Amino acid sequence: MRAQVINLMRRLQREFGLTYLFIAHDLAVVRHISDRVAVMYLGEIVEIAEKTSLFAHPRHPYTRALMAAVPVPQPGRPRDRAVLTGEVPSPIDPPTGCRFHTRCPLAEEKCRHVAPQLRTIATDHRVACHLAT
């Protein structure tokens with residue numbers, strides 16, 4: 001049933017030129033239905049890009065961790081696992097600086113104090129991370 005609804009949405013999107021704001025945690029569905037993708041952490045966008053760019057070259061450490069957590073349909077296929085440690089901070093009282101710094105394997109002192117702004121790092125690819133290139 002879910003696949004039928006998603007395929008219907010995709011067909012209507014093509015036929016009528018519709019735009020959806022589609023919110024999901026299932027990255028396989030996001031990849032299937034979306035043209036542009038925004039990744040959020042604790043209520044803030046940390047990365048936004050065209051689907052192809054985002055899935056081929058995730059730049060934010062949180063986006064990379066999300067991608068690494070997607071199940072691979074081919075058992076035995078080698079893959080990188082980015083396991084996040086620590087507790088998710090409270091969205092009511094987020095940490096200062098980068099909201100992801102408490103779980104980020106790359107965090108530096110600047111990340112603890114200065115909130116990164118979304119910046120363009122490639123054509124139509126923006127990221128909110130001091131360390132992303």
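The shown structure was predicted, so the numbers you read here are calculated from the model rather than taken from an experiment.
Residue pairs meeting the side-chain hydrogen bond (donor to acceptor under 3.5 Å, both in side chains) criterion with at least one member in residues 21-31, sequence neighbours excluded: R2-D26. Sorted by first then second residue, the side-chain hydrogen bond (donor to acceptor under 3.5 Å, both in side chains) pairs that include residues 97-107, not counting sequence neighbours, are E44-R99.
What you find for P116 and C129 is that their closest heavy atoms are CB-N, 3.7 Å. Shown here for L106 and R64, the closest heavy-atom pair between the two residues is CD1-NH1, 4.5 Å. The two residues P89 and P95 make their nearest non-hydrogen contact at CB-CD, 3.6 Å. The heavy-atom pair separating R59 from A122 by the smallest distance is NH2-CB, 4.2 Å.
Two different hydrophobic clusters hold V127 and V30 under the rule that ILVMFWY side chains link at heavy-atom gaps under 4.5 Å. No continuous path of hydrophobic side-chain contacts links I121 to V39 [ILVMFWY only; heavy atoms under 4.5 Å]. I48 and M67 sit in two unconnected hydrophobic clusters of ILVMFWY residues. Membership requires side-chain heavy atoms under 4.5 Å apart, directly or through other members. Under the 4.5 Å side-chain contact rule for hydrophobic residues, I23 and Y20 do not share a cluster. Cluster annotation: F55 and Y62 are assigned to the same hydrophobic cluster (Ile/Leu/Val/Met/Phe/Trp/Tyr, side-chain heavy-atom contacts under 4.5 Å, transitive).
The CZ atom of R126 sits 5.0 Å away from atom CG of L118, with the distance rounded to the nearest 0.5 Å. For the atom pair CZ (R14) and CE (M9), the distance works out to 12.5 Å, reported to the nearest 0.5 Å. The SG atom of C111 sits 4.5 Å away from atom CG of L131, with the distance rounded to the nearest 0.5 Å. Residue C98 holds its SG atom at 11.5 Å from NZ of K110, rounded to the nearest 0.5 Å. Once rounded to the nearest 0.5 Å, the distance linking CG of L42 with CD1 of I92 reads 11.0 Å. In this structure, NE2 in H57 is found 10.0 Å from OG1 in T52, a value given to the nearest 0.5 Å.
Scanning for side chain to side chain donor-acceptor pair (under 3.5 Å) contacts around H125 gives E47, S53, with sequence neighbours left out. Evaluation of the side chain to side chain donor-acceptor pair (under 3.5 Å) rule for E87 yields no partner, not counting sequence neighbours. Take R10 and apply the side chain to side chain donor-acceptor pair (under 3.5 Å) test, not counting sequence neighbours, and it matches Q13. When the side chain to side chain donor-acceptor pair (under 3.5 Å) test is applied to R11, the partners found at least two apart in sequence or on another chain are E15.
The shortest distance between side-chain heavy atoms of V46 and M40 does not fall below 4.5 Å.
Looking at H130, its side chain does come within 3.5 Å of a backbone N or O of V114 through a donor-acceptor pair. Proximity of a side-chain donor or acceptor of S34 to a complementary backbone N or O of V37 within less than 3.5 Å is not detected.
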Exercise for review: Applying side-chain contact (heavy atoms from CB on, under 4.5 Å), run through V88 and F100 and close with a yes or a no.
Suggested key: CA-CA 9 Å; V88 177; F100 187 61; over 6 Å; no
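Checked against the 6.0 Å centroid criterion, the rings of Y41 and H60 do not qualify as a close aromatic pair.
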